[in-house]
Amino acid sequence: MKEEVLDCNGEACPVPLVKAQNKLKELEVGDVLVVQVDHSCAMKNVPEWARKEGHNVEIEEVDDGEWEIVIQKAK
Amino acid sequence: MSDTPTIPRSSGSIPRSSSRSKKPKKSQIPYAFVVLAVITLVGILLALQSSQLGFFWVTGCIFGFILQRSRFCFTAAMRDPYLTGGTSLSRAVLIAFAVATLGFAAIKYAFFLRGLPMPGESFVVPISFATIAGAFMFGIGMVIAGGCASGTFMRIGEGFTMQMLAVVFFIIGSFWGARDMGWWTEKFIVHGPRVFLPDVFGWLGAVVVQLVFIAVLYILATKWENRKNEL
Amino acid sequence: MKLRESTHYKVWFKDPWSYVTGAVLLAVFQTVTLAVTGSPWGVSGALANWGAWVYRAFGGSVDKWYYFSSEGAQALLDRGFLKDPGTMRNLGIIAGALFAILMASQFKIKKIKSWKQVVAAVLGGLLMGYGARIAFGCNIGALFSGIASLSLSGWVFAVFLFLGAIVGSKLLVKFFM
């Protein structure tokens, strides 16, 4: 099981989502992708997309206006 | 609706090796109250000058609050169907169009019945090559700048320096466009027709046609999202 | 600290609202705006005036420009920045968003990360500004207000906005990511 961290701090929409989509394609089922974002729109659209795709998603507010979106590839 | 109203907190069930040590967070709520006090004070000062200024200020603040709280973004609504395959914002924008259509039609019809000039008729603008070129330029610009006009202002409030830069060049672009407006008007805009849908379909017809069209787009957006899902 | 644990606080100020909630509220206040001011919501129109005020401050004159030639436009420019309702509404959007994000304790200054972002902001800003002027508005004035006003122009704007967004997405992925 692999764990990848994607630093998207400072990136504006839709860059975090597109980067997360591309990265997740490279991963295997069961791998974990951690997307770090500080964009308040990305903390909504990245989890929304990942849940829709059926992956396990958790979101953690690590600091004021900074989040880590943890996605476990499910299929 | 596929968008979730609340985002569940982390339950820590996904196993991870890396973890950022959480700093003890400071509450920013006291600053929020300072901003609220400033908003109120500015509102009072403006309202003393003219109630119109005060109203514009207060509604601006309300629009900003709604945009930020719901992460509403007209740019994403137009961009995501192609770029990411998501249409939840596009569908929300369609709902906004439908609700506002009803509100606007009611107000306009009330004025029409009394034989009064209808409010907001200046927004029924001529359709010409200038509309096409302008909309196309705007579409490119908003995607690369990461936000349209309202989105840019909202993100300045959120602390994005990139959008502060974008707004400076938005102003320069607007000024440039205003300088060339004579040319665009003479070449294209004066030849463009103004089409007010009730003139074509009647009042009821216009509202029905527009709502049905919005509903068709909504269904197409739902199908598009699901189609992308199966790929 | 009690406030931050209350469900009311979370629903009103912390967790993002659904897009549909935002849509309905925006449409309601859009309608209120039309009813009270006699004009729908617009954002980008005021920005051309900001340009004119800066230009005037440096001794330039826009009196001969077709765009500013009407008496109304001249009077608005003469009244100045602080007495322009559209300007106040735009500044209000900044203040309202700032209040919202502070209430959620999520404010952070996001610095420009790369030269790519600078180029994107400059180019995007110019295209939006110019486009909004010749098309009579932005996503609010030309699109949202246009469509709500039952004007066909709003739908034409929507079609070419969508095509522009596709081209913009291609450019973004290729050059600005």
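Every chain is numbered from 1, with letters handed out A, B, ... down the list of sequences. These figures come from a predicted structure and were not determined experimentally.
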Determine yes or no for a side-chain-to-main-chain donor-acceptor pair under 3.5 angstrom, with [X] supplying the side chain and [Y] the backbone.
{"X": "C/Ser105", "Y": "B/Gln28", "answer": "yes"}
{"X": "B/Gln210", "Y": "C/Ile147", "answer": "yes"}
{"X": "C/Ser151", "Y": "B/Phe196", "answer": "no"}

Measuring heavy-atom distances to chain B, does [X] have an atom under 4.5 Å in its side chain, in its backbone, in both, or in neither?
{"X": "C/Phe160", "answer": "both"}
{"X": "C/Ala142", "answer": "neither"}
{"X": "C/Phe175", "answer": "neither"}
{"X": "C/Val118", "answer": "both"}
{"X": "C/Lys83", "answer": "both"}
{"X": "C/Asp84", "answer": "backbone"}
{"X": "C/Trp65", "answer": "side chain"}
{"X": "C/Phe176", "answer": "side chain"}
{"X": "C/Val62", "answer": "side chain"}
{"X": "C/Ile109", "answer": "both"}
{"X": "C/Trp155", "answer": "side chain"}

Max heavy-atom pair count under 4.5 Å with chain C, selected residue of [options]:
{"options": "B/Lys108, B/Met154, B/Glu158", "value": "B/Glu158"}
{"options": "B/Phe136, B/Phe33, B/Phe63", "value": "B/Phe63"}
{"options": "B/Phe55, B/Phe188, B/Tyr31", "value": "B/Phe55"}
{"options": "B/Val99, B/Leu53, B/Ile214", "value": "B/Leu53"}
{"options": "B/Gly103, B/Ala130, B/Ala133", "value": "B/Ala130"}
{"options": "B/Ile132, B/Leu94, B/Leu36, B/Asp180", "value": "B/Ile132"}

Rounded distance (nearest 0.5 Å) linking atom [atom1] of [X] with atom [atom2] of [Y]:
{"X": "C/Asn90", "Y": "B/Thr152", "atom1": "CG", "atom2": "OG1", "result": "10.5 Å"}
{"X": "C/Gln30", "Y": "B/Thr59", "atom1": "CD", "atom2": "OG1", "result": "10.5 Å"}
{"X": "C/Arg89", "Y": "B/Phe56", "atom1": "CZ", "atom2": "CZ", "result": "4.5 Å"}
{"X": "B/Thr185", "Y": "C/Ile134", "atom1": "OG1", "atom2": "CD1", "result": "10.0 Å"}
{"X": "C/Met103", "Y": "B/Gln68", "atom1": "CE", "atom2": "CD", "result": "12.0 Å"}
{"X": "C/Ile140", "Y": "B/Phe74", "atom1": "CD1", "atom2": "CZ", "result": "4.0 Å"}

Specify which of [options] makes the most heavy-atom pairs with chain B at under 4.5 Å.
{"options": "C/Val43, C/Leu91, C/Leu172, C/Leu34", "result": "C/Leu34"}
{"options": "C/Ser69, C/Ala100, C/Gly22", "result": "C/Ala100"}
{"options": "C/Gly51, C/Gly131, C/Ala148", "result": "C/Ala148"}
{"options": "C/Leu47, C/Leu82, C/Leu98", "result": "C/Leu47"}
{"options": "C/Ala120, C/Pro85, C/Gly38", "result": "C/Pro85"}
{"options": "C/Val36, C/Asn49, C/Val173", "result": "C/Val36"}

Please check if the number of heavy atoms outside [X] that lie under 6.0 Å from its [atom1] is greater than 12.
{"X": "B/Trp183", "atom1": "CH2", "result": "yes"}
{"X": "C/Tyr66", "atom1": "OH", "result": "no"}
{"X": "B/Gln49", "atom1": "CD", "result": "yes"}
{"X": "B/Leu45", "atom1": "CG", "result": "yes"}

*Hey, can you tell me if B/Phe97 and C/Phe144 have their rings parallel, tilted or perpendicular (30° and 60° cut-offs)?*
tilted
*Do the ring planes of C/Trp17 and B/Phe65 sit parallel (below 30°), tilted (30 to 60°) or perpendicular (above 60°)?*
perpendicular
Using every non-hydrogen atom in the two residues, find where [X] and [Y] come nearest and quote the distance to one decimal.
{"X": "B/Arg71", "Y": "C/Tyr19", "answer": "O-CE2, 3.5 Å"}
{"X": "B/Ala178", "Y": "C/Ala48", "answer": "CB-CB, 4.4 Å"}
{"X": "B/Val124", "Y": "C/Ser149", "answer": "CG2-O, 4.1 Å"}
{"X": "C/Ser18", "Y": "B/Ser70", "answer": "O-CB, 3.6 Å"}
{"X": "B/Ile39", "Y": "C/Phe99", "answer": "CD1-CB, 4.2 Å"}
{"X": "B/Arg69", "Y": "C/Lys14", "answer": "NH2-N, 3.3 Å"}

Within the 4.5 Å heavy-atom criterion, are [X] and [Y] side-chain neighbours or not?
{"X": "B/Trp184", "Y": "C/Tyr67", "answer": "no"}
{"X": "C/Tyr9", "Y": "B/Ile29", "answer": "yes"}
{"X": "C/Leu26", "Y": "B/Leu67", "answer": "yes"}

*Give the C-alpha distance, both sets of side-chain angles, the deciding distance and a yes or no for side-chain contact (heavy atoms from CB on, under 4.5 Å) between B/Met78 and C/Asn139.*
CA-CA 10 Å; B/Met78 287 286 161; C/Asn139 282 348; 5.6 Å; no
*Given the rule in the side-chain contact (heavy atoms from CB on, under 4.5 Å) test, do B/Met142 and C/Leu161 qualify, once you have shown the distances and angles that lead to the verdict?*
CA-CA 9 Å; B/Met142 70 181 185; C/Leu161 179 71; 3.7 Å; yes
Counting only heavy atoms closer than 4.5 Å, note whether [X] contacts chain C via side chain, backbone, both or neither.
{"X": "B/Ile144", "result": "both"}
{"X": "B/Leu102", "result": "neither"}
{"X": "B/Leu217", "result": "side chain"}

*Output field: ring centroids C/Tyr55/B/Phe175 closer than 6.0 Å*: yes
*asked:* Please evaluate residues B/Ile107 and C/Thr31 with respect to the criterion side-chain contact (heavy atoms from CB on, under 4.5 Å), reporting the C-alpha separation (whole Å), side-chain torsions for both, the decisive distance (0.1 Å), and the verdict.
replied: CA-CA 8 Å; B/Ile107 293 170; C/Thr31 309; 3.7 Å; yes
